[in-house]
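Notes follow once the structure below has been shown.
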Amino acid sequence: MSTDLGTVEGTETRELVHFVTQQTRFALINNILQHPQQLPSMYELEELNPSVSEATVYKHIQKLIDAGIVKEVALDDGQRRQGYPWKFYGLTDDGRDFLEARNLLAAEDTLQQIYSTISDKPEKMVKYENAPRPGER
């Protein structure tokens, strides 16, 4: 499978669609889309997928990174705060374009609305959700 999303055609495109729509990976993509800043931390991804082990969440995020769909972004050393996450996961521009071209982002607004109604988030998740993200000052 090609990791260059700009040149994916035919069979490779079908393989990549199948790859991103695998249940766990697609759930992780949806978790990214529904997050208020679309940059959840690993902890938040793990909390949103309680039936999946932490190792499995990490493994699938790494696969999505390797495929060029997801990127890992980190706070600069000067922006990091003790007790808060400093690594976050979001869609790459190419990943967003690929998903949008295949109508896999149609529910983005609905996902964000659903996320905003979750009222039983653990305290740590709320803390992490409100943590500074790269690009914020």
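Remember, predicted model here, so these are calculated numbers, not experimental data.
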Grab the two heavy atoms, one from Gln112 and one from Leu33, that are nearest each other, plus how far apart they are. NE2-O, 3.1 Å
Spacing of CD belonging to Gln22 relative to NE2 belonging to His60, to within rounding of 0.5 Å: 4.5 Å
Please tell me whether Phe19 and Val52 are part of a single hydrophobic cluster in this structure, the criterion being side-chain heavy atoms less than 4.5 Å apart. yes
If you measure from NZ on Lys71 to CZ on Arg96, what distance do you get to the nearest 0.5 Å? 9.5 Å
ILVMFWY cluster, Leu111 and Leu39 together (side-chain gap under 4.5 Å): no
Could you state the interatomic distance from CG (Leu104) to CD1 (Ile29), rounded to the nearest 0.5 Å? 8.0 Å
Does the pair Tyr128 and Glu44 meet the rule for a side-chain hydrogen bond (donor to acceptor under 3.5 Å, both in side chains), with working shown? CA-CA 7 Å; Tyr128 278 31; Glu44 291 167 289; over 6 Å; no
Is a side-chain donor or acceptor of Arg133 paired with a backbone partner of Phe88 at a separation under 3.5 angstrom? no
Between Trp86 and Tyr43, is there shared hydrophobic-cluster membership here, with clusters defined by ILVMFWY side-chain heavy atoms closer than 4.5 Å? no
Taken to the nearest 0.5 Å, the spacing of Thr21 OG1 from Arg102 CZ works out to 12.0 Å
Could you check Gln38 against Glu108 for side-chain hydrogen bond (donor to acceptor under 3.5 Å, both in side chains), going step by step and ending with a plain yes or no? CA-CA 10 Å; Gln38 296 193 344; Glu108 185 173 5; 2.6 Å; yes
Thr92 side chain vs Val70 backbone, donor-acceptor pair below 3.5 Å: no
Taking it one step at a time, do Glu46 and Asn49 satisfy side-chain hydrogen bond (donor to acceptor under 3.5 Å, both in side chains)? CA-CA 5 Å; Glu46 292 164 355; Asn49 295 281; over 6 Å; no
